[in-house]
Each structure stands twice: as C-alpha cells, then as structure tokens.
Number of protein chains: 2
Amino acid sequence: MSLRHAILGLLARSPSTGYELTRKFDRSLRTSWHASHSQIYPELAKLERAGLVEVVSRGARRSKTYGITDSGREELRHWLVEAEPDRSQRNESGVRLFLTPLLDPADRHATYERDLSHVEVELDGLEELRAQVNASEMPEPFAPQIELGIRINTVIRDWLREQLDNGG
Amino acid sequence: MSLRHAILGLLARSPSTGYELTRKFDRSLRTSWHASHSQIYPELAKLERAGLVEVVSRGARRSKTYGITDSGREELRHWLVEAEPDRSQRNESGVRLFLTPLLDPADRHATYERDLSHVEVELDGLEELRAQVNASEMPEPFAPQIELGIRINTVIRDWLREQLDNGG
DNA sequence: CGCATCATGTAAGCTGTTACATGATTAT
DNA sequence: ATAATCATGTAACAGCTTACATGATGCG
C-alpha cells in the first residue's frame, strides 16, 4: 500500500492539511500516484491512530495541519530502503500506446496527435518548474527529479513526432 | 476501467486462453498494467456475457480459447480513439524516486543502485526483443513501441548513473 | 508414482472512485 | 447577498489482492 507512504513522504517534506495534500497529489505526484480527498482524510485519521502522523496545528475553517512523527519517519525510511519494491504499474496511457498499432492509419494518427499535445503541455509545465528552481525560488534537492521528468517526456514527445512523420 | 480494454486489445492481437492472457499481462503489458488470473477469468466471463468476446475453441485441460467479436472490436476502437483518456497513473517506483531526496546519502545511494540493476535487466530484455523483431521472428507493427520502451529505460538508466556519479 | 506446469475458478478483505453532505471564509 | 473557494468528512459501489480450491497433462 503506497498511499500511506506517499502521504508520509509529503508530510516529511512539509507539514500539510488534508486539503493541501490533495492538491499536492494533483500537482507534484500526478505522474506517479493519484489520490482524492475521500481517500486522504480517512487515511490521515488511520495514520494518526497508528502514531505515524500528528496534528501540529489547527487553523481557520477547522483545518488541521498534520506533521510526520519520528516513528512515521522510521516507517517511511523502511519502505524506501528496506522493503521489496513493487514494480507493477497501472498506466492507462501506456496500455493505449501499446495497442495503438491495432488502429487504422487515420485513427492512429489522431491518437498520436492527441498524445503529442498532452506531452507538450506537460513538458512546458516541467520546464517552467525547472526555471523556478534555477532562479532559487524553490528548494534544490528535488531538481534531479524534475530533470528526469523532462527527459522522459522529451523522449516520448520525439517518439510521437517520429511516428507522425513516418505515417506510423 | 481499462482491464477489460487491455483484455480486448490482447485478444484483438490474437485469440488466447485466460491462462495465456495472464502470462501476457506479466510479459508484454508488465510496464503498463498488471492483472492476475483471479481478475482475468471473471472479467472474461463478463465480457462473454456482454458479447464482446466469445469462445472460439476448447482444448486440452478444459482450456477455452477466447476471441474478440465485432462488437468487441468496436468497443476497443471507441476506447482507444473516442473516449477521454485517463492520464492518472499508479507507479510505486515513481513515488519512491520522487521521495528519494529525503534519504541520507548512503540510503539514497543504495536505492539508486538497486533501481539501476533493475533498469539494466529491463533494458536487456527489451533489446533482445528488438533483436528478435529485426530478425523477423516476430510481427513488425509493434516495433516502435519496443523502441519507445528502450528509449525511456535508457534515459532512466543514464539519469541513475549520473546521480550515483555526482553523489546525488 | 510424484512433481511441475497448465488451466480454471471462488471468496474474503482491502483499496480506490463517485456521489452525497456540510460548513467556513473570501471576493465581488 | 451570493458565488467561489477552502476545508473536511461519509457511504455505496467497483476494482484489485491474497488465499483457497480443484483438476488435467506431461515428464522423469
């Protein structure tokens, strides 16, 4: 179960409310894991009962800011370093790309075009993020991760352009 | 729900038994979608009731070979071309990579080494597959998809090597 | 004959999605 | 005022995992 570890990881980066975590899943973690608020709030309650997170402050609109505890940090480190990684993935776009050769040329072309627009938007977002980091507007330790995202999306973009050029 | 469409896609490539589909999910589709036999058999039964697949032959050990029907092909095309793609992903390795900067240098190094070995094995498998396709031992239409897999894994491999070289 | 592999299924429990529900605060 | 956004929760249902269960066939 990696929802709980994703939450622990985000809280290790900085204390957050459930609402903020929901947005972080939508933004930073979007390409690796998805979770909606209806899953996040109950999971935070469970993690609190297990002593892995705690409420560190309460703000306006009955908001609760959670922080990771020492035993939460231990659990997170254990998952990252010690536990056997689960390499299985669920990626609908990957399935679609895998099956695209079944389509006739016109449909194939249309789906590659659609994917290309999407990747280009994705790349723009990542490049903007990199620019912000370079301008020291953000902490640096995650710069290599952003770079990897850019490289993977660049490879996909170029591959899609080739397929479109070659009538593939 | 893309399990049903992944099954339709695999059956569009060639008729198969549930057992063979299980192996294909483990091999060809491994990096995009996972499904085990306990999910595949009930789903085949559902697809048959819906008229999207049919039993085309029965073999030894009470095995049933399923093929896609015309209405299954329509449904598959609709999903691939017409339907709004779900871009959300579930990728535990991605979450782990995203959170790795939280670790101290020794732990970080260890997890990058572990991931590097894994990617290298993955790449070897894909390169072997490409060699088989080039030697015309396999049908050609999926060659670009194999090439994309190789390029993505190469980018990840090189990134990991850089992180290890830079003490990142 | 016994083991590995092929082959298909079901059941319990956990994970994730969609929809429902409510209230607080800020901006227009 | 009232609409948008912030903020938290619950319930019903669908999807997925793990474990249980059984039988057929081929190989040594």
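For the ring pair (Phe, Tyr, Trp, His ring centres under 6.0 Å) condition, the pairs that include at least one residue of residues 2-21 of chain B, sequence neighbours left out, are His5(B)-Trp79(B).
Listed nucleotides dA7(C), dA7(D), dG16(C) differ in distance to Ser63(A); the shortest reach to its side chain belongs to dA7(D). Ranking dT8(D), dG9(C), dT10(C) by closeness to the Tyr41(A) side chain, first place goes to dT8(D). Side-chain proximity of Pro42(B) to dT17(C), dC6(D), dT10(C): nearest is dT10(C).
As a whole-Å value, the separation of Lys24(B) NZ from dC6(C) C1' is 15 Å. Put simply, CG on Asp26(B) is 15 Å from P on dT5(C), counting in whole angstrom units. Rounded to an integer number of Å, the gap from Lys46(A) NZ to dG13(C) C1' is 11 Å. Across the protein-nucleic acid pair, Asn91(B) atom CG and dG16(C) atom C1' stand 17 Å apart, rounded to whole Å. As a whole-Å value, the separation of Leu44(B) CG from dG9(C) C1' is 12 Å. Distance, Arg4(A) CZ to dT15(C) C1': 12 Å, rounded to whole Å. Summarising the geometry, the separation between CZ on Arg23(B) and C1' on dC6(C) is reported as 8 Å, rounded to the nearest angstrom. What separates CD of Glu43(B) from P of dT17(D) is a distance of 13 Å, to the nearest Å.
The side chain of Tyr19(B) contributes no N or O atom lying less than 4.0 Å from OP1 or OP2 of dT8(C). For the pair Gln39(B) and dG15(D), the criterion of a side-chain N or O lying under 4.0 Å from OP1 or OP2 is not met.
As judged by a 4.0 angstrom heavy-atom cut-off over every strand, Ser36(B) is placed among the base-contacting residues. Nucleic acid contact for Arg90(A): sugar-phosphate only, since backbone atoms but no base atoms lie under 4.0 Å from a heavy atom of the residue.
Salt bridge annotation for Arg157(B)-Glu120(B): absent, with no cationic side-chain nitrogen under 4.0 angstrom from a carboxylate oxygen. Between Arg87(A) and Asp115(B) a salt bridge is recorded (basic side-chain N to carboxylate O distance below 4.0 Å). Taking a cutoff of 4.0 Å between a charged side-chain nitrogen and a carboxylate oxygen, Arg96(B) and Glu92(B) qualify as a salt bridge. With respect to the salt-bridge test (charged N to carboxylate O, under 4.0 angstrom), the residues Glu48(A) and Lys64(A) do not qualify.
The residue among Trp33(B) and Thr65(A) whose nearest nucleotide of DNA chain D is located toward the 5' end is Thr65(A). Heavy-atom nearest nucleotides on DNA chain C were determined for Ala35(A) and for Gly18(B), and the one closer to the 5' end corresponds to Gly18(B).
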Polar atoms only, N or O, under 3.5 Å: list the protein pairs with nucleotides 19-26 of chain D and their distances.
unit_1  : atom_1 : unit_2   : atom_2 : d
dT25(D) : O4'    : Arg61(B) : NE     : 3.1

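Side-chain atoms of Glu74(B) and His78(B) form no donor-acceptor pair, as typed in the model, at a separation below 3.5 Å.
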>> Checking Glu20(A) against Lys24(A) for the salt bridge (Lys or Arg N to Asp or Glu O under 4.0 Å) test, could you report, in this order, the C-alpha distance in whole Å, the side-chain angles of both residues, the deciding distance, and whether it holds?
In response: CA-CA 6 Å; Glu20(A) 286 165 342; Lys24(A) 284 172 188 179; 5.3 Å; no
